[in-house]
Amino acid sequence: MGINYSAVCPKPELTYGIPRHTDPNAITVLLQDTLVTGLQVLKDGKWVAIKPCPNAFVINIGDQLDVVTNGEYKSVWHRVVVNSEKPRMSIATFLCPCNDSMLSAPNELIKDGSIPVYRNFTYAEYYKKFWSGNLDEKHCTEFFKN
Ligand SMILES: O=C(O)CCC(=O)C(=O)O
Ligand SMILES: [Fe+2]
């Protein structure tokens, strides 16, 4: 679980609460601050603000759901922007595979005659790669494609 806090920032255009990323885990359950919009997702090349919805969770598809669905469910780029008037808090719960789980798509999702989109790997290997470098331009799943 992670608790994210973005302080008030007088120059919000200069920084982010959380820079763009995809979640390395399988599924993220997010409890948003109901008073401040901050989460944005990249859709068709544009950043779209996700308005907080009271009494609801935001469910985010992470990289491992992308992998085990053979790329049918895409993990989404998202980021958190800061606000010049109000601080913002969110609580994220991450559903993660065990470190030594082997990630692969089931045969039923591999089209006849084609190879899986991703090679097999352990979550430990993926997680190490995720934190190993500057992944804000390239999607981490790209490194695991067949
Ligand atoms: O604060 C949010 O709405 C998103 C947090 C987030 O992306 C994360 O914790 O991975
Ligand atoms: Fe995230």
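Worth knowing before you read on, the calculation uses all heavy atoms, side chains too, and leaves out hydrogens, waters and symmetry mates. Read the numbers this way: they start at 1 and go in the same order the structure lists the ligands and their atoms.
At the top of the distance list for atom 1 (O) of ligand 1, counting protein heavy atoms only, stands Ser90 OG, 2.5 Å. Closest to atom 8 (C) of ligand 1 among all protein heavy atoms lies His21 NE2, 3.9 Å. Here the heavy atom of the protein found nearest to atom 5 (C) of ligand 1 is Asn4 ND2, 3.4 Å.
When Asp23, Val80, Asp33 are checked for heavy-atom proximity to atom 4 (C) of ligand 1, Val80 turns out nearest.
Checking Thr141 against Asp63 by side-chain atom types alone, no donor-acceptor pair falls below 3.5 Å. Of the N and O atoms on the side chains of Ser90 and Asn4, at least one donor lies less than 3.5 Å from an acceptor on the other residue.
Ligand 1 lies nowhere less than 4.0 angstrom from a heavy atom belonging to Arg79.
If you look at Val58 next to ligand 1, there are no close heavy atoms at all, none under 4.0 Å. Heavy atoms of Phe94 found under 4.0 angstrom from ligand 1 belong exclusively to the side chain. When heavy-atom distances to ligand 1 are checked against a 4.0 Å cut-off, Ile50 has no atom that comes that close, whether in backbone or side chain.
Listed by atom number, the atoms of ligand 1 under 4.0 Å from Ala92 heavy atoms are 9 (O). Listed by number with element, the atoms of ligand 1 under 4.0 Å from a non-hydrogen atom of His78 are 7 (O). Under a 4.0 Å criterion applied to the non-hydrogen atoms of Arg88, ligand 1 contributes the atoms 1 (O), 2 (C), 3 (O). Close contacts of ligand 1 with Ile18, meaning ligand atoms under 4.0 Å from a residue heavy atom, involve 5 (C), 6 (C).
In this structure, His139 and Ser75 have side chains that are in contact, with non-hydrogen atoms separated by less than 4.5 Å. At a threshold of 4.5 Å between non-hydrogen side-chain atoms, the residues Phe57 and Leu31 count as touching.
Nearest N/O/S atom of Asp23 with respect to the Fe ion (ligand 2) is recorded as OD1.
Put simply, the angle at the Fe ion (ligand 2) from NE2 in His21 to NE2 in His78 is close to 90°, to the nearest 10°.
Heavy-atom neighbours of Phe94 CZ from other residues, nucleotides or ligands within 6.0 Å: above the threshold of 12. By the neighbour-count criterion of 12 heavy atoms within 6.0 Å, atom CD of Glu142 is densely surrounded, having more than that number from other residues, nucleotides or ligands.
Checked against Tyr118 for a side-chain hydrogen bond (donor to acceptor under 3.5 Å, both in side chains), the options Asp66, Asn146, Asn70 give a single hit: Asp66. The side-chain hydrogen bond (donor to acceptor under 3.5 Å, both in side chains) with His78 is formed by just one residue from the set Thr28, Asp23, Thr22; it is Asp23.
Between the Glu85 side chain and the Val8 main chain, no donor and acceptor come within less than 3.5 Å of each other.
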Discussion item. Go through it in stages, so that I can follow the logic: the residues are Ile59 and Val29, the test is side chain to side chain contact (heavy atoms under 4.5 Å, CB included), and I'd like the CA-CA distance, side-chain angles, deciding distance and then a yes or no.
Written reply: CA-CA 5 Å; Ile59 308 297; Val29 180; 4.0 Å; yes
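At a 3.5 angstrom cut-off on N or O pairs, Asn60 does not count as close to ligand 1.
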